[in-house]
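Shown next, in structure tokens, is the structure this report addresses.
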Amino acid sequence: MASTGERLQQLDDIERDIASSMHSAGQAILELSRDKSTAKTVEAQTSGFLKTLQSVENGLTKQISYLTQVSTGQPHEGSSYGAQKDLLMAYQMAYHRLQHVRSRLNEMDRTRNDIQLRQQLSGHVQRPGDMK
């Protein structure tokens with residue numbers, strides 16, 4: 001499996017191939033726009049365009065295939081994305097659980113304080129030792 005640096009290099013090569021194919025297409029169109037264009041030059045430029053375009057398509061297909069594999073979370077060699085994704089999800093779940101527990105504890109504390117306040121206002125203060 002290619003490393004990240006190698007994948008970036010492959011993408012850079014694909015970008016150069018795209019520029020090259022655009023240049024070939026431009027040269028073919030330029031040759032066709034001339035009064036005395038030669039079929040041989042147009043064919044050579046068109047052939048270069050199609051060959052480079054096929055290389056671009058193959059390279060992009062490989063990159064998309066790799067990204068599809070990575071994004072689905074399937075384990076593969078050379079990447080820790082799946083493990084990082086699992087760890088992030090576990091962290092987020094734990095964080096949400098913690099927030100829920102804090103919320104419930106705060107709610108219970110408010111309820112306890114409300115009960116104590118009502119008891120104080122009604123004159124029925126119940127102390128821990130006074131329980132029946």
Side-chain angles (χ1 to χ4, degrees):
M1 192 64 37
S3 71
T4 303
E6 291 169 336
R7 291 218 171 269
L8 290 173
Q9 181 61 46
Q10 291 169 357
L11 288 171
D12 193 43
D13 293 343
I14 291 169
E15 186 177 12
R16 269 192 241 109
D17 285 347
I18 291 170
S20 175
S21 67
M22 296 303 293
H23 178 74
S24 294
Q27 291 298 315
I29 291 171
L30 180 66
E31 185 63 31
L32 286 171
S33 69
R34 292 187 179 157
D35 290 336
K36 296 182 179 183
S37 62
T38 60
K40 187 176 182 179
T41 305
V42 173
E43 283 183 31
Q45 293 297 332
T46 303
S47 176
F49 169 76
L50 292 174
K51 180 182 172 191
T52 308
L53 191 61
Q54 183 65 41
S55 173
V56 167
E57 184 178 356
N58 290 339
L60 287 176
T61 300
K62 287 178 187 177
Q63 294 294 326
I64 290 169
S65 175
Y66 171 76
L67 291 173
T68 300
Q69 183 182 15
V70 171
S71 68
T72 58
Q74 295 180 8
H76 55 90
E77 297 176 22
S79 175
S80 61
Y81 176 77
Q84 289 174 345
K85 183 178 170 184
D86 291 343
L87 182 61
L88 178 61
M89 287 179 63
Y91 170 78
Q92 287 174 338
M93 287 175 54
Y95 179 77
H96 289 295
R97 287 178 182 155
L98 175 64
Q99 292 299 91
H100 179 71
V101 168
R102 283 182 178 162
S103 168
R104 296 292 296 181
L105 286 173
N106 286 335
E107 184 180 322
M108 291 171 68
D109 192 43
R110 280 192 305 271
T111 303
R112 186 192 70 198
N113 289 339
D114 287 347
I115 291 171
Q116 287 176 349
L117 181 62
R118 279 191 230 133
Q119 287 175 347
Q120 286 175 355
L121 292 175
S122 67
H124 296 84
V125 178
Q126 200 173 30
R127 294 184 180 89
D130 294 344
M131 295 187 135
K132 295 181 183 178

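Here OG of Ser55 is found 10.0 Å from CD1 of Ile18. Values are rounded to the nearest 0.5 Å. Atom NE2 in His100 sits 14.5 Å away from atom OH in Tyr95 (nearest 0.5 Å). Here Leu32 contributes atom CG and Gln45 contributes atom CD; the two are 10.5 Å apart, rounded to the nearest 0.5 Å. The NZ atom of Lys62 sits 9.0 Å away from the CD1 atom of Ile14 when rounded to the nearest 0.5 Å. For the atom pair CE (Met93) and CG (Leu88), the distance works out to 12.0 Å, reported to the nearest 0.5 Å. Interatomic distance, CZ of Phe49 versus CE of Met22, reported as 7.0 Å (0.5 Å rounding).
Without hydrogens or angle criteria, Ser20 side chain to Arg16 main chain gives no donor-acceptor distance under 3.5 Å. Not a single donor-acceptor pair under 3.5 Å links the side chain of Ser103 to the backbone N or O of Gln99. With Thr46 contributing its side chain and Val42 its backbone, the two residues share a donor-acceptor pair below 3.5 Å.
For the pair Arg110 and Asn106, the minimum side-chain heavy-atom distance is below 4.5 Å. Gln54 is listed as a side-chain neighbour of Glu57, based on a closest heavy-atom distance under 4.5 Å.
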- Intermediate values then yes/no, side-chain hydrogen bond (donor to acceptor under 3.5 Å, both in side chains), Gln10 and Gln63: CA-CA 9 Å; Gln10 291 169 357; Gln63 294 294 326; 2.8 Å; yes

- Task: In sequence, state the C-alpha distance, the side-chain angles, and the governing distance for Gln116 and Arg112, and then conclude on side-chain contact (heavy atoms from CB on, under 4.5 Å).
- Result: CA-CA 6 Å; Gln116 287 176 349; Arg112 186 192 70 198; 4.1 Å; yes

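Counted by atom type alone, Ser24 and Ser21 present zero donor-acceptor pairs between their side chains at under 3.5 Å.
Atom CD of Glu15 is surrounded by 12 or fewer heavy atoms from other residues, nucleotides or ligands within 6.0 Å.
No chain of hydrophobic side-chain contacts below 4.5 Å, direct or via other Ile, Leu, Val, Met, Phe, Trp or Tyr residues, connects Leu50 to Leu30. Linking ILVMFWY side-chain heavy atoms closer than 4.5 Å, directly or via other members, places Leu8 and Leu67 in two distinct hydrophobic clusters.
Listed by first and then second residue, the salt bridge (charged side-chain N to carboxylate O under 4.0 Å, His left out) pairs involving residues 36-45 amount to none (not counting sequence neighbours).
Of the candidates Leu60, Thr52, Asp12, Asn58, Thr52 is the only one forming a side chain to side chain contact (heavy atoms under 4.5 Å, CB included) with Asp17.
Here the shortest heavy-atom pairing between Arg34 and Glu31 reads NH1-OE1, 2.9 Å.
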